[in-house]
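Notes for the one structure printed next.
In what follows, chains are A, B, ... by sequence order, proteins preceding strands, each numbered from 1. The analysis underlying the following values was restricted to heavy atoms, covering all of them including side chains, and did not include hydrogens, waters or symmetry mates. Treat the numbers as computed from the prediction; the structure is a model and nothing was measured.
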Protein chains: 2
Amino acid sequence: MSPMSRNSPALSIKSASVQDYVKVIYTSTEWQDQRVTPSQLAARLGVANSSVTGMVRKLVDLGLAVHQPYQPVELTGEGKALALAMVRRHRLIETFLVQELGYAWDEVHDEAELLEHTVSDTFVDRLSAKLRHPTRDPHGDPIPAADGTVRMPAAHQLGELDPGHTGHIIRISDANPELLRFLSTEEIGLDDRVEVIGHRPFGGSLVVRIGSADRPREIDLGQEATAALWVASDGPHENCLLGS
Amino acid sequence: MSPMSRNSPALSIKSASVQDYVKVIYTSTEWQDQRVTPSQLAARLGVANSSVTGMVRKLVDLGLAVHQPYQPVELTGEGKALALAMVRRHRLIETFLVQELGYAWDEVHDEAELLEHTVSDTFVDRLSAKLRHPTRDPHGDPIPAADGTVRMPAAHQLGELDPGHTGHIIRISDANPELLRFLSTEEIGLDDRVEVIGHRPFGGSLVVRIGSADRPREIDLGQEATAALWVASDGPHENCLLGS
DNA sequence: AAGTAAATTTAGGCATGCCGAAAAAATGGA
DNA sequence: TCCATTTTTTCGGCATGCCTAAATTTACTT
Ligand SMILES: [Mn+2]
Ligand SMILES: [Mn+2]
Ligand SMILES: [Mn+2]
Ligand SMILES: [Mn+2]
């Protein structure tokens, strides 16, 4: 009912669709630096390829993305700033849902996916303060600060590690809620200690030892699980990427 | 991204616009039983009259409203149920913003106006529980229960009362944020005791005594203020309306 | 009863964002 | 190099919900 701008100029004009596209472009290259193609965008957004073509043109017109025909899509500085603002909203809301409203970690994504477009900058600021300015969400994804600063922990997918490797789970992809529920029932969670034991033969599942020293368990994990679990290695600290 | 129904059938299909129209039709007759006309709807929704014509046809097609050409609009049972669900959402969210995020009572309306369409039934349920199932919002408007039950307090506009009348302010219309800010600076709030002293001559402002016995103040209030303040009379309890 | 003003509806149009089908371009293997 | 497959784009169309301008109906005055 009120036509006034509830949000910063960078956010206020953009539609929810624009916000989602930009956010997905950003998150697609957050943990691995493969540029994202239109068909990947279409898959992640649940729209047809032709819809992506049209919206990418719009993003370019808005100065949020750069794109050459038949090439991957990239964000401009402005686009990245918008993406970071959206990611911040999404992850703060997920954190709120878990910490304040008792949601399970597999229930928060869909709710946040809608709320992120609706809350005001004021809401986000006050929510962040109430939650004591958390720096990662329930799945271990980093929450950008209000000024767009992000600290990306150095981490590798569990499936990429060699036998003998030890570390801690510092991120679990929230792309698949079913996987999150599976991990819950297996009592696998953020910050758990993990050691790679070895592979079952012929490309089979990965055997890992999980849990603290007093109650370690050996568990077989399939390809999808080991790709979703990101591990920070023990030992000397690797350097961290500081995003703008 | 998820196409599943996050909400009850009564809510899930309806667009945010449909939800707003139905809610405004309901709230227009909440404190006074004048049926609402299309032009009143247009004014409250901030759209053109012709837009109302089109949407009212849609509401009728959806079975949410009944309407004869050139007549006021009324809700069906189904429409009222949807309206009550939306009013519940709106007022629970307003209460949350004030109690949990430290919003002032003049800041909550616009935020709630958008969030009400975005939160899930689950969110509403858990929010209500966290807030200890409040029965009225920061402005004194009743919050319908999850089953659609509402308890409307018996009250009259302050401007309608005769000199000598005493009571308590049990509702302050949140239609005008500026008025809410004015009342804040005058330290007039919900549940304040009030006594009508008299009218200034020639249709002037109303003189009232406001506040607790230890610190009563006499204040002049204009027409707009006295129309926004709803007073429950002292003395024998009047009967309350129980809505479905 | 007629005329005027207000409210309401109709008609035509626009913006957004989606779709499927078809065309065009890129890719990779033989 | 050429062909087949995949990816991307183009094209036409649809649904929603809004607008303005014009026509219609109603309400009010005289
Ligand atoms: Mn989203
Ligand atoms: Mn997450
Ligand atoms: Mn609304
Ligand atoms: Mn209110």
Restricting to nitrogen or oxygen on both sides, can you table the protein-nucleotides 2-4 of chain C pairs closer than 3.5 Å?
none

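- The stretch residues 27-35 of chain A does not touch DNA chain C, since none of its heavy atoms comes less than 4.0 Å from the strand.
- Screening residues 26-41 of chain A for salt bridge (Lys or Arg N to Asp or Glu O under 4.0 Å) gives A/Glu30-A/Arg91, A/Arg35-A/Glu74 as the qualifying pairs, with residues at least two apart or on separate chains.
- With sequence neighbours left out, the salt bridge (Lys or Arg N to Asp or Glu O under 4.0 Å) criterion links B/Arg181 to B/Asp106.
- Screening residues 22-50 of chain B for ring pair (Phe, Tyr, Trp, His ring centres under 6.0 Å), with sequence neighbours left out, gives B/Trp31-B/Trp230.
- Distance, B/Leu45 CG to C/dT8 P: 14 Å, rounded to whole Å.
- For the salt bridge (Lys or Arg N to Asp or Glu O under 4.0 Å) condition, the pairs that include at least one residue of residues 117-130 of chain B, sequence neighbours left out, are A/Glu100-B/Lys130, A/Glu107-B/Arg126, B/Arg89-B/Asp121.
- Listed by chain and residue number, nothing satisfies the ring pair (Phe, Tyr, Trp, His ring centres under 6.0 Å) test with B/Tyr21 (two or more places apart in sequence, or in another chain).
- Using a 4.0 Å cut-off, no side-chain N or O of B/Thr37 falls inside it from OP1 or OP2 of C/dA7.
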Summary of protein contacts for nucleotides 15-20 of chain C, nucleotide by nucleotide, where a base hit scores B, a sugar-phosphate-only hit scores S (4.0 Å, heavy atoms)
-SSSBB
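- Whole-Å rounding puts the B/Tyr70 OH to D/dT26 P distance at 7 Å.
- Salt-bridge formation is detected for the pair B/Glu116/B/Lys23: a Lys NZ or Arg NE/NH1/NH2 atom is positioned less than 4.0 Å from an Asp or Glu carboxylate oxygen.
- Here salt bridge (Lys or Arg N to Asp or Glu O under 4.0 Å) pairs that include residues 59-71 of chain A, with residues two or more places apart or in two chains, number zero.
- The salt bridge (Lys or Arg N to Asp or Glu O under 4.0 Å) analysis of residues 221-231 of chain A, with sequence neighbours excluded, yields no pairs.
- Applying the 4.0 Å criterion to OP1 and OP2 of C/dT10, one finds that B/Arg57 has a side-chain N or O inside that range.
- Atom CD of B/Gln68 is separated from atom P of D/dT25 by 16 Å (rounded to the nearest Å).
- Residues that satisfy the side-chain hydrogen bond (donor to acceptor under 3.5 Å, both in side chains) test with A/Ser39, not counting sequence neighbours, are A/Thr37.
- The separation between B/Gln71 atom CD and C/dT8 atom P is 9 Å, rounded to whole Å.
- In this structure B/Thr95 satisfies the side-chain hydrogen bond (donor to acceptor under 3.5 Å, both in side chains) test with no other residue, sequence neighbours excluded.
- Between B/Arg200 and B/Asp220 a salt bridge is recorded (basic side-chain N to carboxylate O distance below 4.0 Å).
- The distance between atom CG of B/Asp20 and atom P of D/dG17, rounded to the nearest whole Å, is 11 Å.
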